Amino acid sequence: MVSIIYMILATAMFFLQDTYFLVGGVEFSLKNPCIMGILFLALLNFIVTVRLDRAIILARHGLVQMLPVVIPFLFSSVIWVAAKADSITIFNGVGMMIPQVLSILVAASTLYLLGEKGIWYCLGAMCLANLMRVLAVIAQGGAGVFFQEFTALLTSFSGETGDLMIQLEINDLTFAFGPFLIYLLLNRKETSHWALWFIGSVIFFLVGLKRIAVPAVALGFLTAFLVGRMPERAARQTALCLGAGMIFCSFMYIAGIRMGLFRYLQERLGINAMGRVQMFANLEPYYDISITYMGKGTGFERFVDWASGVVYDTPRRTIMQIHNDFLRMYLNIGFTGYLVWMWGYVIVRLRYWFRQGGKRAGCLFLGICVYCFVLYATDNTVYYPYTMLACALVPMSCRFDTLAEKILNERCAQWSRQGGEEIHSEG
């Protein structure tokens, strides 16, 4: 019964992303009641079952996965206090972080309710929600037109997007399939019904095709696969070196943008920067490459239309976003905040997953980091809730049942020793 209720709620959550309702003049997505339903179901199940093994390991996993949210919140809080920010600015910034927190809580709830198999229930709900969207589009435009546009989408590598394909171009859902594909590619022998899951994921990944996601998945898988071929100690050290290199490259990328990297690519090499030259020029007055740069606080980017440079008094979601999450985070939390955020995002969590889940979990998380690294360089995925849900759920599910049983046995042994020592001291 729990699995059926979860599937209904999760499928609705993925399907209703772009369906909104008003409460007091504020717009909310219909996915939010579904999210709260999943969290309530997990809470109710915890009260009834009290699975301490799952609860203990999920508390650890959840805290580590929360680092990329907690760090920007702490630095933004200091910035808001120092700048004496108004309530609109603070609520806007906090409002951008809440979906991230909810995504991690949904991932944890999924595993608590369903154990290690929760990854397949979640992926199944994503596929089912996408199938419902595809069938709705086919009913609207006809099967012939749909397959014609789908073929054009693939052959042009997303260069030609018809009206029906535009309706299925939901970036968050497309990017969310990436971590699952990396997991499937790395764990073919260990996965039951592997071909079914892989084919389904690939089809829906291609239906909403994003060009940058294809090399991101390929590079993430290749990195995790090659590092996974090494002995465990060498794999861990190599992964940490790659993580440090990612931090360095991301910062040099930000510095290169400030020094006119995209202007050079467009003017000297003839590469179409797709409006990024003007966008980055409009960004220049708001940040510096300096150790003293504090940042503007999370959510600042919603006050400026980066295509035109127009500044608004209130935050807006419909303006041109910064198509570069590294620069977005640097703009928001400053020099020190950015480096701490990247250190917590990559190095701290890599160490955790190698120590907690062994080479398999560590390499899987490395592959997901590389996948996100590629996306962050050109897109706005850092605040996509479904993508963050997938990035949290996939590594957390790795050996979850085994780890949960192991940690409960360790805790029981510890509690038993403590109880024996207390009895001995009283005697």
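Source: prediction; values computed, not measured. Residue indices begin at 1 and follow the sequence shown.
One finds no salt bridge joining D305 and R316 here, because no Lys/Arg side-chain nitrogen approaches an Asp/Glu carboxylate oxygen to under 4.0 Å.
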Q.
With side-chain hydrogen bond (donor to acceptor under 3.5 Å, both in side chains) as the criterion, how do Y183 and T191 come out once you've worked through the C-alpha distance, each side chain's angles and the decisive distance to 0.1 Å?
A. CA-CA 10 Å; Y183 180 92; T191 304; 5.0 Å; no

Q: Take R360 and N187 through the side chain to side chain contact (heavy atoms under 4.5 Å, CB included) test and state the conclusion after the steps.
A: CA-CA 9 Å; R360 179 184 169 192; N187 297 280; 3.0 Å; yes

Q | From CA spacing to verdict: side chain to side chain contact (heavy atoms under 4.5 Å, CB included), M246, V370 | A | CA-CA 8 Å; M246 289 163 62; V370 172; 4.3 Å; yes

Q: Check the pair T110 / Y121 against side-chain hydrogen bond (donor to acceptor under 3.5 Å, both in side chains), numbers first and verdict last.
A: CA-CA 8 Å; T110 299; Y121 283 95; over 6 Å; no

Q: Start with the C-alpha gap between M96 and E301, add the side-chain angles, then the distance that decides, and say whether side chain to side chain contact (heavy atoms under 4.5 Å, CB included) holds.
A: CA-CA 11 Å; M96 293 185 68; E301 70 270 22; 3.2 Å; yes

Q: Begin from the C-alpha positions of I119 and V394 and carry the test side chain to side chain contact (heavy atoms under 4.5 Å, CB included) through to its verdict.
A: CA-CA 7 Å; I119 184 176; V394 171; 4.3 Å; yes

**Q.** D172 vs T387, side-chain hydrogen bond (donor to acceptor under 3.5 Å, both in side chains): CA-CA, chis, key distance, verdict
**A.** CA-CA 6 Å; D172 194 3; T387 304; 2.8 Å; yes

Q: Please step through ring-ring contact (aromatic ring centres under 6.0 Å, His included) for the pair Y286 and W306, ending with a clear verdict.
A: CA-CA 11 Å; Y286 298 100; W306 300 109; 5.4 Å; yes

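Under the rule for a ring-ring contact (aromatic ring centres under 6.0 Å, His included), the partners of F46 that lie at least two apart in sequence or sit in another chain are Y112. Residues passing the salt bridge (Lys or Arg N to Asp or Glu O under 4.0 Å) test with D325 are R328, sequence neighbours excluded.
No cation-pi contact links K31 to F15, judged by a cut-off of 6.0 Å to the six-membered ring centre and 45° from its axis. The cationic group of R349 does not satisfy the cation-pi geometry with F365, failing either the under 6.0 Å distance to the six-membered ring centre or the 45° limit from the ring axis.
When all heavy atoms of L366 and A239 are compared, the closest pair comes out as CD2-CB, 3.9 Å. Closest non-hydrogen pair, L9 versus C34, comes out as O-CB, 3.6 Å. G337 and I71 make their closest contact through O-CG2, 4.3 Å (heavy atoms, listed as atom of the first residue, atom of the second, distance). When all heavy atoms of N92 and G299 are compared, the closest pair comes out as ND2-O, 2.8 Å. Contact detail for S308 and N282: the closest heavy-atom pair is C-ND2, 3.7 Å. Between F204 and L131, the shortest heavy-atom distance links the atoms CE2-N, 3.6 Å.
Annotation: F175 is not in aromatic contact with Y371 [ring centroid separation under 6.0 Å not met]. In this structure, the ring of F262 has its center less than 6.0 angstrom from the ring center of F280. Ring centers of F180 and F205: at least 6.0 Å apart, outside the cut-off.
Looking at S103, its side chain does come within 3.5 Å of a backbone N or O of P385 through a donor-acceptor pair. Within the 3.5 Å criterion, the main-chain N or O of I247 finds a donor-acceptor partner in the side chain of S250. Distance alone, capped at 3.5 Å, is enough to place a donor-acceptor pair between the K359 side chain and the M230 backbone.
For the pairing with M329, the side chain to side chain contact (heavy atoms under 4.5 Å, CB included) check across F75, Y345, Y338 returns one residue only, Y338. Here the options are Y376, F300, W341, Y293, the test is ring pair (Phe, Tyr, Trp, His ring centres under 6.0 Å), and the partner is Y330; only Y293 passes.
Annotation: the span from M342 atom CE to I347 atom CD1 amounts to 8.5 Å, rounded to 0.5 Å. Rounding to the nearest 0.5 Å places CZ of F326 at 9.5 Å from OG1 of T378. Taking CG of N130 as the start and CD1 of I203 as the end, the distance is 11.0 Å to the nearest 0.5 Å.
Looking at heavy atoms from C-beta onward, L123 lies in side-chain contact with S201 at the 4.5 angstrom threshold.
Ring planes of F251 and F335: perpendicular class, angle over 60° (limits at 30 and 60°). Aromatic ring orientation, H61 versus Y352: perpendicular (interplanar angle above 60°, classes split at 30° and 60°).
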